[in-house]
Protein chains: 2
Amino acid sequence: MTSRKVVSFENIKVACKNCSLATLCLPMGLTPDDVERLDSIIKRGRPYHRGDHLYRGGDKFHSLRVITSGSVKTYSPNEDGGEQVLGFHLPGELIGLDAIQDDCHTCSAIALETTAVCEIPFSQLESLSAIMSSLQHQMYRLLSREIGQDTEMLTLLGKKSAEERLATFLLSFSERFKQRGFSASDFFLSMSRHEIGNYLGLAVETVSRLFTRFQDENLLRVERKHVQLLDIPRLYDIVQGSDSAKSSQSRG
Amino acid sequence: MTSRKVVSFENIKVACKNCSLATLCLPMGLTPDDVERLDSIIKRGRPYHRGDHLYRGGDKFHSLRVITSGSVKTYSPNEDGGEQVLGFHLPGELIGLDAIQDDCHTCSAIALETTAVCEIPFSQLESLSAIMSSLQHQMYRLLSREIGQDTEMLTLLGKKSAEERLATFLLSFSERFKQRGFSASDFFLSMSRHEIGNYLGLAVETVSRLFTRFQDENLLRVERKHVQLLDIPRLYDIVQGSDSAKSSQSRG
DNA sequence: AAAACGACTTGATCAACATCAAGAATTTCT
DNA sequence: AGAAATTCTTGATGTTGATCAAGTCGTTTT
């Protein structure tokens with residue numbers, strides 16, 4: 001009896017239908033029936049701790065993963081010891097899509113803090129999507145969205161100044177936290193300055209100086225990992241490039 | 001009778017089973033029967049001329065497109081009139097994948113020379129892939145590959161020097177021409193220096209100077225759009241970063 | 001063929017950001 | 001708690017590649 005209760009409790013925890021992230025995640029747009037079927041193949045492992053790898057480049061690919069709490073950094077370890085940070089992932093986001101191509105992870109994923117994930121065995125997902133057109137459609141959409149996000153990032157790295165990059169970075173987190181029901185203007189970043197710089201193609205020192213400058217200009221307040229955005233409209237102006245940022249200074 | 005012959009000829013031209021690109025393209029890994037079914041939904045339009053748009057950002061999305069001859073540039077028109085070149089596409093390559101997300105093209109595609117394409121209505125492709133698991137698998141692989149390529153490009157723009165970028169660019173074309181049965185060391189680039197620079201996040205002048213420098217160093221010969229790679233191994237050394245390029249100079 | 005235009009090249013200068021260096025603040029380890 | 005190791009910040013200097021400017025070559029127009 002007791003064990004039945006425990007099992008039941010576990011099931012509830014895993015179920016997409018009870019998950020606040022469902023609208024951001026794989027179940028988006030699926031009927032409750034379809035969500036139930038999807039649920040049947042999803043597994044939840046034990047949580048990862050800061051610094052634990054979810055997978056490493058070269059590992060055989062079995063499962064896509066959705067972050068359910070915490071945050072994850074993906075990076076591609078490059079030949080000469082260095083690394084390129086590819087992304088920071090928040091709850092509801094799906095990672096591992098790049099590994100479908102040849103059944104092998106091309107990049108690594110590491111927990112930035114205590115992090116829980118749902119695992120979705122890809123071969124089962126594939127089979128299920130063959131008989132559930134809504135799921136297939138959602139998969140195509142998610143893969144396409146990933147491509148769209150990557151191309152936005154290409155524009156960022158190809159054309160934008162350091163200032164524009166950091167503003168874009170901050171607003172991306174602002175929007176994503178907001179979507180998840182958290183404050184859009186007051187949050188903690190789980191990654192280091194070094195990781196931010198690597199991601200944005202900037203030196204650590206440049207990132208640090210920009211935080212200081214943004215603070216001096218009353219765009220934000222920052223203390224270590226804690227960031228408070230004070231003038232989101234002006235940050236958006238900065239993202240747009242063109243030094244219109246100054247002209248549209250918020251009525252202070 | 002005559003008209004039957006013409007129709008038949010047209011059919012042969014369109015058929016994937018007779019296409020030399022099949023192994024690079026959507027039919028890759030499909031059985032002949034499956035290729036036949038895929039064929040049934042593919043359309044070929046009239047060729048595009050240099051400067052013609054295949055689609056523009058904002059257009060409603062109907063079809064994926066495969067280049068069958070010629071070449072195409074994709075770019076995202078950015079707010080302030082400028083553009084970010086996202087890619088150059090050769091025969092066998094599939095474009096439009098980013099538009100699946102919300103049925104709307106997010107970027108534009110323009111022919112760099114006389115170019116023929118196959119059109120694949122996406123809704124039909126989706127339906128077909130629901131009943132052809134091999135096709136579904138291939139679609140997932142292609143989408144995943146696109147993501148992988150984008151992340152490689154992120155590393156290029158985030159971390160690499162101008163020299164490394166141009167070497168990477170040239171070797172990418174070398175490899176792709178080779179795959180298609182053309183010379184890996186002697187080819188014509190269909191895009192301008194300006195477009196190369198935009199794509200690589202460099203100024204036109206920098207691209208021009210690098211071509212000159214590479215030529216001075218006997219890495220290649222270049223005249224206008226015509227490029228001959230003279231020392232491919234050393235170009236690979238340059239791509240690797242670390243100035244090992246000099247030490248592994250080819251035995252001259 | 002001459003003229004006009006656009007693409008490419010080359011040179012000179014400049015600016016943004018990287019790198020080097022050192023110190024301050026935090027976190028981790030024992 | 002105290003020491004060691006990180007992480008972050010700040011300053012000084014350097015370098016890469018952008019920008020500005022001018023000229024050459026090639027192509028298109030008339």
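Computed over heavy atoms, backbone and side chain alike; hydrogens, waters and symmetry mates excluded. Order of the sequence lines sets the chain letters (A, B, ...), proteins ahead of strands, with each chain counted from 1. The structure displayed is predicted, hence computed values, not measured ones.
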Practice task
Just jot down the side chain to side chain contact (heavy atoms under 4.5 Å, CB included) partners of B:R193, sequence neighbours excluded, or say none.
Solution key: B:V204, B:V207, B:F211, B:V222
Handout entry: Atom pair distance, as rounded to whole Å: NZ in A:K160 and P in C:dC17
Key = 13 Å
Practice task
Shoot me the first and last contacting nucleotide of DNA chain D against chain B, ordered 5' to 3', at under 4.0 angstrom to non-hydrogen atoms.
Solution key: D:dG17 to D:dC20
Problem - Residues, nucleotides or ligands: over 12 heavy atoms within 6.0 Å of A:F177 CZ - result: yes
Problem - Euclidean distance, atom NE2 of residue A:H194 to atom P of C:dT19 [Å, nearest integer] - result: 11 Å
Practice task
List for me each residue that meets salt bridge (charged side-chain N to carboxylate O under 4.0 Å, His left out) alongside B:R65, sequence neighbours excluded, and say none if there are none.
Solution key: B:E119
Exercise for the section: Any chance you could measure A:E217, atom CD, to A:L210, atom CG, to the nearest 0.5 Å? Expected result: 9.5 Å
Exercise for the section: Mind checking B:G201 for me? I need base, sugar-phosphate or nothing, with any heavy atom below 4.0 Å counting as a touch. Expected result: sugar-phosphate
Completion exercise
Hits for side chain to side chain contact (heavy atoms under 4.5 Å, CB included) against A:R224, two or more places apart or cross-chain, chain-then-number order -> none
Exercise for the section: Measure the angle between the two terminal helix axes of the helix from C:dA1-D:dT30 to C:dT30-D:dA1, five base pairs each, and quote it to 10°. Expected result: 50°
Exercise for the section: Could I get the full list of ring-ring contact (aromatic ring centres under 6.0 Å, His included) partners for A:F188, not counting sequence neighbours? Expected result: A:H226
Completion exercise
Sorted by chain and number, sequence neighbours left out, side chain to side chain contact (heavy atoms under 4.5 Å, CB included) with B:K178 holds for B:A184
Practice task
Name the nucleic acid region contacted by A:A162, choosing base, sugar-phosphate or nothing; use a 4.0 angstrom heavy-atom cut-off, strictly under.
Solution key: sugar-phosphate
Fill in the blank from the handout: The side chain to side chain donor-acceptor pair (under 3.5 Å) partners of A:R50 (sequence neighbours excluded) come to none
Exercise for the section: Answer with base, sugar-phosphate or nothing: what part of the nucleic acid does B:K225 contact at a heavy-atom distance below 4.0 Å? Expected result: sugar-phosphate
Fill in the blank from the handout: Rounded to whole Å, CZ of A:R165 lies from C1' of C:dA16 at a distance of 11 Å
Between the protein and nucleotides 9-11 of chain C, which nitrogen or oxygen pairs are less than 3.5 angstrom apart?
from   : atom 1 : to     : atom 2 : distance (Å)
C:dT9  : OP1    : B:R193 : NH2    : 3.4
C:dT9  : OP2    : B:R193 : NE     : 2.9
C:dT9  : OP2    : B:S208 : OG     : 2.8
C:dT9  : O5'    : B:S208 : OG     : 3.0
C:dT10 : OP2    : B:T212 : OG1    : 2.7
C:dG11 : N7     : B:R209 : NH1    : 2.8
C:dG11 : O6     : B:R209 : NH2    : 3.4

Problem - Length of the CG-P vector between B:L202 and C:dC17, whole Å - result: 15 Å
Fill in the blank from the handout: Sorted by chain and number, sequence neighbours left out, side chain to side chain contact (heavy atoms under 4.5 Å, CB included) with A:S192 holds for A:H194, A:E195, A:K225
Which atom pairs, donor and acceptor, lie under 3.5 Å between side-chain atoms of residues 84-91 of chain A and protein residues at least two apart or in another chain?
from  : atom 1 : to     : atom 2 : distance (Å)
A:Q84 : OE1    : B:K159 : NZ     : 2.9
A:H89 : NE2    : A:T74  : OG1    : 2.8

Problem - Under the salt bridge (charged side-chain N to carboxylate O under 4.0 Å, His left out) test, residues paired with A:R180 that sit two or more places apart - result: A:E93
